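In each ligand, atom 1 is the first atom listed, and ligand 1 is the first ligand listed. These figures come from a predicted structure and were not determined experimentally.
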Amino acid sequence: MKSISTFEEYKKEYQFSVEQPEQFWEAKAEQFTWKKKWDKVLEWNFSEPNVKWFLGGKMNITENCLDRHLKERGDQTAIIWEANDPNEASKKITYKELHSEVCRFANVLKSNGAKKGDRICIYMPMVPELAIAVLACARIGAIHSVVFGGFSFNSLADRIHDADCHMVITADGGFRGAKDIPLKSVVDEAIKTCPSVQKVIVLKRTKCDVIMQAGRDLWWHEEVKKVSDDCSAEIMDAEDMLFILYTSGSTGKPKGVVHSCGGYMVYTTYTFENVFQYKNNEVYWCTADVGWITGHSYLVYGPLLAGATTLMFEGIPTYPDAGRFWQVIDKHKVNIFYTAPTAIRSLEAMGLNFVKPYKLDSLRVLGSVGEPINVEAWNWYNANIGKNRCPIVDTWWQTETGGIMISPLAGITPTKPGFATLPLPGAQPVLVDEKGIELKGNNVEGRLCFEFPWPGMIRSTYNNHARCKEAYFSTYANLYFTGDGCRRDEDGYYRITGRVDDVIKVSGHLLGTAEIESAINEHPDIVESAVVGFPHDIKGWGIYAYVIQEHSRKDVEELKKEITATVNKFMGAIAKPDKIQIVSGLPKTRSGKIMRRILRKISEGEVNNLGDTSTLLDPGVVEEIVKGKV
Ligand code: WTA
């Protein structure tokens, strides 16, 4: 499906994709294995919203990830796995072996009662069995909902509950750097409040002690012995649900973003092949965890659909030292490396001595994803990792878009540091002002929307279509609204300026301020809290929490520690506040709404530019907060 190899071809293909989108995507879709061809390419409106691609088409995504490749590349490595501990042997799994393991585990799911349409929660460390579990669900038409292993029991319970999962696939624990992360015990705690869960399948990884509940909990290694590796793929409609992935919103609990089978397959393959310009037999490494969309689309599905060799790493960039990424690149001769700006900035801060021992001469393409990459980090990445010879693709997209939307094509699109550059064929961005008036032409800055559907886009939010409409399609009529601010420069190049809503990108992880607040409020002494972001050198954005305590306690430091522990317990370590300020009141309007705009300005250090505070119930609190800023 790699169809573009020059900038001229890109422009032509882009033009065609806008003028004749259905013909454009139909030609891409024809290259897959379909059990039955579609009757109609597209049906859509953004008002309900209702988006359907390849209507009536029948297929199974795993046949396209696995079976389709067996003849030509059965013995090629599909997954290279690198353990957390550099002394533990890495693994190479061929397409043939992966096919067999996926089919076998699919039979385990079936023998334990799972069937098409069931939701299955996956809460696992970064081991090959995670990819196997994901694909096994897809094989039998069960809908996977992967939850990042860094979320705690409360977040896990919310997600299991919302999707009404009958089964959880987990491990005893996981290795991350010097730490062993307990997973099974977190699952045990979570499902106390989730009566829907009937079976828990547990992979043995860290060999830590776990409690296995008879009749409910089963060992992975015992279950796979009982079944064969022959499992035909369930026939799915192109629009059947493939997976749910939870993402944070401005308000309330996370939303279950729903993706469907056919469009997602076509879109992830097309974008993977063209953005990275993947060549046969290259080794591709995406450092994202499968718990996030980047891991779904560009560690598992996209690369496997394209018949690539995808590397999966269990550990963290700084273990055993800050040279680990570079060591792994040399060890496995990685050609394409895709990571997040936070990782780049934190490794930059550790100094070049961790980079120098490595050759990095296998690298051909570098990628960035998840948050704006600042020019300094871009230049460092380019000079010290890419040695000024590897194109950098700064890929902008979202959980909801399913795949990359705005990005250079490696080595084809002229790049500019800090710019995601140009929309991919099929992506039709528009910028609007706050009122929704389109900002035409170049040299404009506004809010990023899309005016036409693409095959990989969100279909719904699980069990709550109204929320999907409200969150993405109601702000501006007939537009999909991303929640991001964006500038289009004099050359028509796009630069993402960051979120314009109440979610924060912390180390590339999207966190809702409302969710963090409700975790903080679990502390018995906290009456109310308000969370905003502040610019952070390494993480991009840090978490700043303003809290009101019930009784004034003298030992403020102790209280702060307890708040941090509470967030850790109820949400996970990724949501721990970087700064906590105890306040006696929050700036509220007369109708009781917290004026976050003011809190944001204070946390960002812009205390002389707070704007109009006259509508506040008690303008005095602002002064107090400014004085006490941490
Ligand atoms: C941000 C991650 C700037 C953006 C794939 C978006 C980016 C949110 C970039 C989605 C980029 C992602 N430049 N910002 N290249 N890529 N973002 O759902 O704010 O975890 O809306 O998906 O990340 O985050 P999500």
Looking at [X], which atoms of ligand 1 are within less than 4.0 Å of one of its heavy atoms?
X: I496; answer: 3 (C), 14 (N)
X: T395; answer: 9 (C), 11 (C), 15 (N), 16 (N)
X: D394; answer: 11 (C), 13 (N), 15 (N)

- Only residue of W285, Y338, Y381 satisfying ring-ring contact (aromatic ring centres under 6.0 Å, His included) with F325 is W285
Is it the side chain (CB and beyond), the backbone, both or neither of [X] that lies under 4.0 Å from ligand 1, heavy atoms counted?
X: D484; result: side chain
X: H509; result: neither
X: E371; result: backbone

- Could you walk me through whether S3 and E13 pass the side chain to side chain donor-acceptor pair (under 3.5 Å) check? CA-CA 9 Å; S3 44; E13 183 137 323; 2.9 Å; yes
Can you tell me which residue and heavy atom of the protein come closest to [atom], and the distance to 0.1 Å?
atom: atom 18 (O) of ligand 1; result: T399 OG1, 2.5 Å
atom: atom 3 (C) of ligand 1; result: P372 N, 3.1 Å
atom: atom 8 (C) of ligand 1; result: K505 CE, 3.5 Å

Please say whether [X] places an N or O atom under 3.5 Å from an N or O atom belonging to ligand 1.
X: S368; result: no
X: E400; result: no
X: T294; result: no

- Does at least one non-hydrogen atom of G370 fall below 4.0 angstrom from an atom of ligand 1? yes
- For ligand 1, is W397 a contact, meaning one of its heavy atoms is under 4.0 Å away? yes
Can you see whether [X] engages [Y] through a side-chain donor-acceptor pair at a distance of less than 3.5 angstrom?
X: T513; Y: E517; answer: no
X: W396; Y: D484; answer: yes
X: T461; Y: Y472; answer: no

- For a side-chain contact (heavy atoms from CB on, under 4.5 Å) with L245, tell me which candidate from V258, I458, I293 qualifies. I293
- Query: Does K569 NZ have over 12 foreign heavy atoms under 6.0 Å away?
  - Reply: no
- Query: Near H161 NE2, under 6.0 Å, is it more than 12 heavy atoms from other residues, nucleotides or ligands?
  - Reply: no
- Chi angles and distances behind the salt bridge (Lys or Arg N to Asp or Glu O under 4.0 Å) call for E515, K253: CA-CA 6 Å; E515 271 175 277; K253 293 196 170 169; over 6 Å; no
